[in-house]
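As structure tokens, the structure follows; a few thoughts come after it.
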Number of protein chains: 2
Amino acid sequence: MTQSRAYHHGDLRRALLDAAVEVMAESGPAALSLRDLARRAGVSHAAPAHHFGDKAGLLTALAAQGFALLAEALGNAGDELVDTGVAYVGFAVRHRAHFEVMFRPDLYRADDPEVVAARTRAGELLRTGVARRTGRGPDVDALAAWSIVHGFATLWLSGALPPRVGPDPEAAARTVISRLFP
Amino acid sequence: MTQSRAYHHGDLRRALLDAAVEVMAESGPAALSLRDLARRAGVSHAAPAHHFGDKAGLLTALAAQGFALLAEALGNAGDELVDTGVAYVGFAVRHRAHFEVMFRPDLYRADDPEVVAARTRAGELLRTGVARRTGRGPDVDALAAWSIVHGFATLWLSGALPPRVGPDPEAAARTVISRLFP
DNA sequence: ACTCTAACTTGCCATTGACAAGATAGCCCT
DNA sequence: AGGGCTATCTTGTCAATGGCAAGTTAGAGT
């Protein structure tokens with residue numbers, strides 16, 4: 001996919017987002033620099049501003065993309081509640097950069113319409129995944145399920161978990177989620 | 001530890017840390033600037049470097065302080081497992097700035113001896129709190145418990161939780177934790 | 001009183017985000 | 001074919017930041 005047409009660049013917007021993901025995946029969100037992204041894309045230092053306005057604009061686009069990807073991942077998950085949870089963790093691990101931005105609203109404009117729409121959709125899918133297996137109050141169940149997968153994903157990404165958890169986050173997540181919903 | 005004598009400033013190190021907590025509590029970690037902290041403390045822009053070396057040094061000190069505070073909070077919690085979990089969430093909410101730095105190892109030197117010591121101690125207290133109530137494998141229980149409280153705290157801080165969860169994070173956390181360990 | 005050292009300052013540089021003004025290329029319309 | 005139109009990108013500039021180097025000062029130790 002992606003461009004081919006090369007005007008001044010062709011598909012700068014996508015190239016910048018891809019570069020941002022790449023940088024953040026290996027160096028964290030703090031290491032992100034618009035000028036660095038521009039250099040990687042081979043354009044001038046002010047080119048990104050045209051597509052995203054400012055840094056927050058770029059991260060807003062990235063967050064929207066992230067919520068859309070999350071919704072897709074949850075939609076493709078199996079029918080069991082556990083599958084939804086594992087998919088959540090899998091998304092966080094596979095799309096680390098997106099995930100880290102999505103839940104840091106001080107970095108972007110969380111009230112952006114596109115973000116709100118994608119986030120809402122992902123939220124619905126998440127709740128649907130839990131609703132299939134409601135033991136107590138569905139609210140409590142949903143909150144507990146979301147908390148446990150989000151916590152596990154966050155801890156995994158931050159490197160805080162001890163080595164004995166093993167190398168496979170999704171397998172470990174499955175075990176932990178099963179503890180909540182046996 | 002710590003001095004008190006007031007030379008050029010007296011207690012610059014503490015003043016800078018306090019200012020950093022204040023700034024981050026209202027504007028997030030991204031808004032932190034060493035020069036701004038220096039201005040707030042009424043010293044020159046290079047004064048912070050003497051105490052912390054660089055920005056990562058300041059955040060390292062803050063993380064160590066945070067893990068120590070967490071250990072203290074967990075130590076003061078009640079004997080029940082639920083109490084430990086609620087204390088964890090309470091710490092995150094009450095010491096938001098510390099919490100947000102602690103689990104973002106790309107911002108500081110996670111292998112700093114002081115950080116390692118304080119983190120180890122907090123980890124032990126957390127596992128102790130869970131061990132009192134082991135249903136299945138203690139490892140799985142500990143991981144599930146940590147995940148659920150960490151996830152809830154993180155989601156709360158990021159503002160991602162819907163309003164119907166209510167205004168009191170500790171009360172909501174108690175309900176959620178009870179779902180895991182009834 | 002003298003020295004010595006930690007604590008702080010002044011000065012500097014490269015990098016960054018943001019803005020303003022200009023250039024360029026493809027498109028549309030006649 | 002030609003003439004504008006607009007999105008896209010560039011060049012130039014500014015204030016702010018982190019970090020380094022060299023100098024200064026207060027106060028402790030002797």
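Reckoned from all heavy atoms, side chains included, excluding hydrogens, waters and symmetry mates. In what follows, chains carry the letters A, B, and so on, assigned in the order in which the sequence lines appear, proteins first and then strands, with residues in each chain numbered from 1.
Contacts of A/Leu37 with the nucleic acid, taken as non-hydrogen atoms under 4.0 Å apart, are absent. Residue A/His51 is classed as a sugar-phosphate contact, given heavy-atom separations below 4.0 Å to backbone atoms only. As judged by a 4.0 angstrom heavy-atom cut-off over every strand, B/Ala49 is placed among residues making no nucleic acid contact. When heavy atoms are screened at a 4.0 angstrom cut-off, A/Leu58 is found touching no nucleic acid atom at all.
Taking the six-membered ring where the residue is Trp, A/Phe103 and A/His150 present perpendicular rings, their angle passing 60° and hence far from 30°.
Across the interface with DNA chain D, nearest-nucleotide mapping of B/Gly53 and A/Ser44 shows A/Ser44 to be the residue nearer the 5′ end. For the pair B/Ala46 and A/Asp54, both in contact range of DNA chain C, the more 5′-proximal nearest nucleotide belongs to B/Ala46.
Residue B/His45 contributes atom NE2, which lies 13 Å from atom C1' of D/dG23 at whole-angstrom precision. Between the C1' atom of C/dA18 and the CZ atom of A/Arg35 lies a distance of 9 Å, rounded to the nearest Å. Spacing between atom CG of B/Asp11 and atom C1' of C/dC8 amounts to 15 Å, rounded to whole angstrom units. For the pair A/Leu34 CG and D/dC9 P, the computed distance is 15 Å after rounding to whole Å. Spacing between atom CG of B/Leu32 and atom C1' of C/dT16 amounts to 17 Å, rounded to whole angstrom units. Here D/dA7 presents its C1' atom at 15 Å from CZ of A/Phe52, a figure rounded to the nearest Å. Per the geometry, CG belonging to A/Asp36 stands 12 Å off P belonging to C/dT15, to the nearest Å. Rounded to an integer number of Å, the gap from B/Lys55 NZ to D/dA16 C1' is 12 Å.
For A/Arg96 and A/Phe91, the positive end is not near the middle of the six-membered ring at less than 6.0 Å and at most 45° from its axis.
By the salt bridge (charged side-chain N to carboxylate O under 4.0 Å, His left out) test, A/Arg104 pairs with no residue at all, sequence neighbours left out.
Phosphate contact (OP1/OP2 of C/dG17, side-chain N/O of A/Ser33, threshold under 4.0 Å): present. Taking only side-chain nitrogens and oxygens, A/Arg39 comes nearer than 4.0 Å to OP1 or OP2 of C/dT16.
With D/dA7, C/dT10, D/dG18 as the candidates, the nucleotide lying closest to the side chain of A/His50 is D/dA7.
A salt bridge links B/Asp54 to B/Arg109: one of the charged nitrogens lies within less than 4.0 Å of a carboxylate oxygen. Of the charged side-chain nitrogens involved, at least one lies within less than 4.0 Å of a carboxylate oxygen, so that B/Arg94 and B/Glu170 count as a salt-bridged pair.
One axis for each end of the helix from C/dA1-D/dT30 to C/dT30-D/dA1, each built from five base pairs, and the angle between them comes to 10° at 10° resolution.
Using a distance-only test at 3.5 Å, with no hydrogens or angles considered, no donor-acceptor pair links the side chain of A/Ser27 to the main chain of A/Met24.
Atom CG of B/Leu74 and atom CZ of B/Arg127 lie 12.0 Å apart (nearest 0.5 Å).
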